[in-house]
Amino acid sequence: MFEIRVICDPDDTDRVTAALADTFTAGTVRAYPTRDGKRARLYVTADHRPAPEPFPTPETAYALAPSIVSEIGWTARTLATAECFTELDQTFYLRKAALLDRIALLDEPDGPGDATQTALTSARMLLMLDTDRAPMAPYLVDQADQDPRGYVRQQYAQQAECVCDDRGKGDCLMHPDPDH
């Protein structure tokens with residue numbers, strides 16, 4: 001841990017405080033006027049941010065996933081039953097991106113091709129739409145931007161739990177069959 005002192009214009013304190021919080025794991029910022037009263041002194045106890053956790057491997061992320069054929073069917077049914085111009089939820093885009101990632105993984109031993117590019121495009125789309133992105137720390141956003149497919153795997157692994165008996169949690173990623 002270390003202590004940071006910043007002297008700045010009082011109008012800049014919010015911007016400086018936000019920048020410190022984005023850069024470091026920071027405690028509460030203490031603000032005092034300078035002796036001449038024209039500027040502000042900011043004091044904060046900070047620490048280096050921990051290194052981001054690596055994204056899960058495909059084997060880990062998709063260990064509990066339904067078959068690719070089942071996910072293709074779920075995606076097709078979801079699109080077929082949605083009214084035209086319906087805004088679909090984050091779960092749809094996550095499952096679609098995970099499906100395309102899994103298809104690309106099967107195709108990649110022959111070298112990156114159209115499936116890899118499609119999976120990458122879908123992952124970037126999820127990143128743009130993702131409701132979790134706004135409150136993410138900038139260093140985590142950078143990690144996701146550098147490896148969008150890794151981000152898809154992370155999000156899928158976090159949501160890969162059976163919620164069939166918990167009606168308030170939405171669709172079950174593990175059992176996409178509506179008759180389950």
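Since we're looking at a predicted model, the values are computed, not measured.
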query: Shared ILVMFWY cluster between V29 and M1, side chains joined below 4.5 angstrom?
result: no
field: Derivation and outcome, side chain to side chain contact (heavy atoms under 4.5 Å, CB included), residues T45 and R30
entry: CA-CA 9 Å; T45 302; R30 300 169 313 276; 4.1 Å; yes
Transitive ILVMFWY side-chain link F24 to L42, under 4.5 Å: yes
field: Rounded distance [0.5 Å steps], CG in L100 versus CG in D107
entry: 12.0 Å
message: Would you compute the distance between atom OH of Y156 and atom CG of D101 and round it to the nearest 0.5 angstrom?
response: 11.0 Å
task: Examine M125 and I103 and state if one hydrophobic cluster contains both, with Ile, Leu, Val, Met, Phe, Trp and Tyr joined whenever side-chain heavy atoms are less than 4.5 Å apart.
output: no
- prompt: Is there a donor-acceptor pair closer than 3.5 Å between any side-chain N or O of S122 and the backbone N or O of A119?
  reply: no
message: Donor-acceptor check, side chain of T75 to backbone of K96, threshold 3.5 angstrom: yes or no?
response: no
Short side-chain to backbone donor-acceptor contact, T86 and A82, under 3.5 Å: no
- prompt: Can you name the residues that form a side chain to side chain donor-acceptor pair (under 3.5 Å) with Y93, not counting sequence neighbours?
  reply: none
message: Working to the nearest 0.5 angstrom, can you tell me the gap between R41 CZ and R5 CZ?
response: 7.5 Å
- request: Can you measure from OH (Y151) to CG (D145) and round to the nearest 0.5 angstrom?
  value: 10.0 Å
message: So which atom in T13 and which in T17 form the shortest heavy-atom distance, rounded to 0.1 Å?
response: O-OG1, 2.7 Å
- prompt: Do L127 and L88 sit in the same hydrophobic cluster, where Ile, Leu, Val, Met, Phe, Trp and Tyr count as joined when their side-chain heavy atoms come under 4.5 Å apart?
  reply: yes
query: Which heavy atom of V44 sits nearest a heavy atom of G27, and at what distance?
result: CG2-O, 3.5 Å
message: Just so I know, are the side chains of Q159 and L94 near enough to count as touching, which here means a heavy-atom distance under 4.5 Å?
response: yes
- prompt: Could R102 and Y62 be counted as a cation-pi pair, given that NZ or CZ must be under 6.0 Å from the ring centre and within 45° of the axis?
  reply: yes
task: Would you check if T116 and E108 make a side-chain contact, meaning some heavy-atom pair closer than 4.5 Å?
output: yes
- prompt: So, for G150 and P56, which heavy atoms are closest and what is the spacing to 0.1 Å?
  reply: O-CD, 4.5 Å
task: Check salt bridge (charged side-chain N to carboxylate O under 4.0 Å, His left out) between D147 and all other residues, then give those that pass, not counting sequence neighbours.
output: none
task: For residues P58 and R153, determine if any side-chain heavy atom of one lies less than 4.5 Å from a side-chain heavy atom of the other.
output: yes
- request: Taking the side chain as every heavy atom from C-beta outward, state whether Q90 and L126 have any pair of such atoms under 4.5 Å apart.
  value: yes
query: Considering only heavy atoms from C-beta outward, does the side chain of F92 approach that of L79 to under 4.5 Å?
result: yes
I7 side, atom CD1; Y32 side, atom OH - distance, nearest 0.5 Å: 14.0 Å
- prompt: Is there side-chain contact between I68 and L106, with heavy atoms separated by less than 4.5 Å?
  reply: yes
- prompt: Within a strict 4.5 Å, meaning less than it, do heavy atoms of the V6 and Y43 side chains meet?
  reply: no
message: Once you measure the plane-to-plane angle for H48 and F2, does it fall in the parallel (<30°), tilted (30-60°) or perpendicular (>60°) bin?
response: tilted
query: Is it the case that more than 12 heavy atoms not belonging to E3 sit under 6.0 Å from its CD atom?
result: yes
message: With a sphere of 6.0 Å drawn around CZ of R15, does it hold more than 12 non-hydrogen atoms of other residues, nucleotides or ligands?
response: no
Q143 side chain near F55 side chain, heavy-atom distance below 4.5 Å: yes
message: Using the rule that Ile, Leu, Val, Met, Phe, Trp and Tyr join whenever any side-chain heavy atoms are under 4.5 Å apart, tell me whether L105 and L99 fall into a single cluster.
response: no
- request: Please determine, by modelled atom types, if T121 and T118 share a side-chain donor-acceptor pair under 3.5 angstrom.
  value: no
- line: Here the pair of heavy atoms bringing R124 nearest to P148 is CG-CG, 3.9 Å
